[in-house]
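Inspection log for the structure reproduced underneath, given as structure tokens.
Residue numbers count from 1 along this sequence. Given the structure is predicted, the values throughout are model-derived calculations rather than measurements.
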Amino acid sequence: MHVNEDTIQTLGKDFLEELNVLLMPYSQPRTFVPGELLWREGDRDGMMVFLMEGHVKIYNLLPEGNTVTYFIFGPGNVFGFMPLLDDEPYPVFAKAVDTVTAKTVTREGLHDAILQDPQLALLLIRLLSRRLREAFQQADVLSSRGVVNKVAMALCSLSEEAPRQGDHSILTLSVPSRDFAGLYGLTPESFSRGITTLVQEGIIHRLGNNAFQILDAARLRQHAVPNMI
């Protein structure tokens, strides 16, 4: 839903280390430049990606030419493997947001790895289950929250690991605001309006381009979860 490092925290570092060990004999290092496509919607020759550095946007194109963003994956995330398991084409595009370094595994390599150690299949099922839960959460956000609520939730999603300046957390978007806003069904303009409202209410302070200081974390959480008010 947001820059997708919550999956890492939920499944734990041991999970990722085990996955990495099982895939290591079958993986190859790859680098992608900003804007480069990892695959297109409809592609069948894809790859499983273990992201080491950078961010990858998962999105689709609407008929009128606009994009809808589903996920932005960050370092430590694993993705791209579902079509390699069900032999169906990719339903989305994947594009490097910034410079990306990754370990990649081909369809044949993934099949060989699973045959060699079926434990890998169980790990991937856990990862798919987590991804499905995130999709349900995203559907709830998009269907039931107002603009300010969505913006507050977006900022709260970044706050746990944010550095602090005195008593206040400092939030910095690691991807362009238009992509970050799209994860919550917001246009760049509505995201900006939501930020302005939170600034005017004294909840956050705008530090610069894509950087914010949380002044009142409790009120920000109340906006993120309206029924707490």
Next item on the list: Using the six-membered ring of Phe93, assess whether NZ or CZ of Lys95 lies under 6.0 Å from its centre and within 45 degrees of the ring axis.
Entry: no

Notebook entry, point to check: Does Asp43 reach the main-chain N or O of Gly46 with its side chain, forming a donor-acceptor pair under 3.5 Å?
Noted result: no

Notebook entry, point to check: Between Ile195 and Leu215, is there a shared hydrophobic cluster once you connect ILVMFWY residues whose side-chain heavy atoms come closer than 4.5 Å?
Noted result: no

Checklist line | Whether Asp117 side chain and Ile114 backbone form a donor-acceptor pair below 3.5 Å | finding: no

Item checked: Ser177 side chain to Leu173 backbone, donor-acceptor under 3.5 Å -> no

Margin query: If I compare all heavy atoms of Ala113 with all of Leu23, which pair ends up nearest, and what's the gap?
Written below: CB-CD2, 4.4 Å

Margin query: Under 4.0 Å between a side-chain nitrogen and a carboxylate oxygen: does that hold for Asp87 and Arg44?
Written below: no

Notebook entry, point to check: Distance from Gln213 atom CD to Ile170 atom CD1, nearest 0.5 Å?
Noted result: 4.0 Å

Next item on the list: Indicate yes or no: at least one non-hydrogen side-chain atom of Glu53 is less than 4.5 angstrom from one of Thr99.
Entry: no

Next item on the list: Considering non-hydrogen atoms only, spot the tightest contact between Val199 and Arg206 and give its length.
Entry: CG2-N, 4.3 Å

Next item on the list: State, to 0.1 Å, how close Val151 and Ser190 come at their nearest heavy-atom pair, and which atoms those are.
Entry: CG2-O, 4.5 Å

Notebook entry, point to check: Is a side-chain donor or acceptor of Ser129 paired with a backbone partner of Ile125 at a separation under 3.5 angstrom?
Noted result: yes

Check: Between Asn20 and Lys103, is any pair of side-chain heavy atoms under 4.5 Å apart?
Finding: yes

Notebook entry, point to check: Looking at side-chain heavy atoms only, is the closest gap between Pro75 and His55 below 4.5 Å?
Noted result: yes

Checklist line | Spacing of CD1 belonging to Ile204 relative to CZ belonging to Arg219, to within rounding of 0.5 Å | finding: 11.5 Å

Item checked: Heavy-atom pair of closest approach, residues Ala94 and Val56 -> CB-CG1, 4.1 Å

Item checked: From CA spacing to verdict: side-chain contact (heavy atoms from CB on, under 4.5 Å), Leu155, Leu220 -> CA-CA 8 Å; Leu155 296 181; Leu220 184 67; 4.2 Å; yes

Next item on the list: Please name the pair of heavy atoms, one in Pro91 and one in Pro83, separated by the smallest distance, quoted to 0.1 Å.
Entry: CD-CG, 4.5 Å

Notebook entry, point to check: Phe81 and Leu127: side-chain contact (heavy atoms from CB on, under 4.5 Å), yes or no, with the steps?
Noted result: CA-CA 10 Å; Phe81 56 88; Leu127 188 53; 3.5 Å; yes

Check: So, do Leu123 and Leu22 sit near enough that their side-chain heavy atoms are less than 4.5 Å apart?
Finding: yes

Notebook entry, point to check: Does His111 use its side chain to pair, donor to acceptor, with the backbone of Leu84 at less than 3.5 Å?
Noted result: yes

Notebook entry, point to check: Any side-chain heavy-atom pair from Leu124 and Leu110 closer than 4.5 angstrom?
Noted result: yes

Item checked: Minimum heavy-atom distance Pro118-Leu115, with the two atoms named -> CD-O, 4.4 Å

Could you list the donor-acceptor pairs under 3.5 angstrom formed between side-chain atoms of residues 28-40 and any protein atom two or more places apart in sequence or on another chain?
{"residue": "Glu36", "atom": "OE1", "partner": "Val33", "partner atom": "N", "Å": "3.0"}
{"residue": "Trp39", "atom": "NE1", "partner": "Val92", "partner atom": "O", "Å": "3.4"}

Check: Residues in ring-ring contact (aromatic ring centres under 6.0 Å, His included) with Tyr26, at least two apart?
Finding: none

Check: Which value, rounded to the nearest 0.5 Å, describes the distance between Gln222 atom CD and Asn149 atom CG?
Finding: 11.5 Å

Check: Roughly how far, to the nearest 0.5 Å, is the CD atom of Glu41 from the CD1 atom of Ile58?
Finding: 12.5 Å

Item checked: Qualifying residue, where the test is ring-ring contact (aromatic ring centres under 6.0 Å, His included) with Phe79 and the options are Phe71, Tyr70, Phe50, Phe73 -> Phe73

Check: Any side-chain heavy atom of Met47 sitting closer than 4.5 Å to one from Arg107?
Finding: no

Notebook entry, point to check: Tell me, do Leu128 and Met82 make a side-chain contact under 4.5 Å, heavy atoms counted?
Noted result: yes

Next item on the list: Report yes if some heavy atom in the side chain of Val100 is under 4.5 Å from a heavy atom in the side chain of Leu51; otherwise report no.
Entry: yes

Check: Looking at CG of Leu198 and NE2 of His205, how far apart are the two atoms once the value is rounded to the nearest 0.5 Å?
Finding: 14.0 Å

Note to self: If you count heavy atoms of other groups shown closer than 6.0 angstrom to CG of Asp112, is the number above 12?
What the structure shows: yes

